[in-house]
Amino acid sequence: MNNFVVPAPPIVALPIVGSSEHFPVRRVYCVGRNYAAHAREMGFDPTRDPPFFFAKPADAVIPAHHGETRQIRYPSKSTNYQYEVELVAAIGRPAYKVSTEQALDIIFGYAVGLDMTRRDLQLALRDKGRPWELGKAFDESAPCGPIYSVAQHGHPASGGIWLQVDGADRQRSDITHLIWSVAEIVSNLSQYFRLVPGDIVFTGTPEGVGPVTPGQIMSAGIDGLGSITIAVAADE
Ligand code: MN
């Protein structure tokens, strides 16, 4: 169909390692407080209460290629703009009300992503019981690296997850410290939504979150999933 009254928005596409094909992004789901040490630093006791979710628009995703420095802009209306490095799972098959045992079968692949956050707004909204969109779902808030397909690389069961700012360690943990596993997250999410190919899930960040300012450069990676480099530019 091409008879739209305004230009149709482009499809956000993530590159796939070892392939010339791309992964089209439909929805972006994110899990909150999924590493115990991060839950504590945010002022909560870690629990095995069911995971909770929020979402970002697909066009918040900024594809970041290996070996390149991708630029994102500091967001408006914030003075506390923070990074969260996360394991991202990309859904490759339709899934509705799947069990934990079935959940891994629907995953196409994995990537490293950043859940960028206006922390000042997120906390203010949280404390008032309001939705988190202004703090979480803003433009350019989801840089994401290339996808490593399960077919070629399998499911990452363990491995370091880290983020540096200007070469200094800020976050360093291991994905074995996830409170809810990827399979548990996808199973739980699929009780609420009909997941389809193109959906991606940010699975939560480990401890060490903190602010960045214009001019700083973030590098973030997960063992086996490469790393991405993101430069913060001024809000223009
Ligand atoms: Mn997060």
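FYI, side chains are in, hydrogens and waters are out, and symmetry mates aren't considered; it's all heavy atoms of this structure. We're numbering straight along the sequence, starting at 1. Counting starts at 1 for both ligands and their atoms, in listed order.
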Next item on the list: For N80, enumerate each residue passing the side chain to side chain contact (heavy atoms under 4.5 Å, CB included) test, keeping only those at least two apart in sequence or located in another chain.
Entry: Q82, R119, D120, P211
Next item on the list: Starting at CG of N34, measure out to CD of E86 and round the result to the nearest 0.5 Å.
Entry: 9.0 Å
Item checked: Which residues share a ring-ring contact (aromatic ring centres under 6.0 Å, His included) with W132, sequence neighbours left out -> F52, F54
Next item on the list: Please report the number of protein N, O or S atoms that lie less than 2.8 Å from the Mn ion (ligand 1).
Entry: 3
Item checked: Geometric class of the Y148/H153 ring pair [parallel <30°, tilted 30-60°, perpendicular >60°] -> perpendicular
Next item on the list: Scan for salt bridge (charged side-chain N to carboxylate O under 4.0 Å, His left out) pairs involving residues 59-74, sequence neighbours excluded, and state none if there are none.
Entry: R73-E140
Check: Would V17 and F108 show up in the same hydrophobic cluster when neighbours are defined by side-chain heavy atoms closer than 4.5 Å?
Finding: no
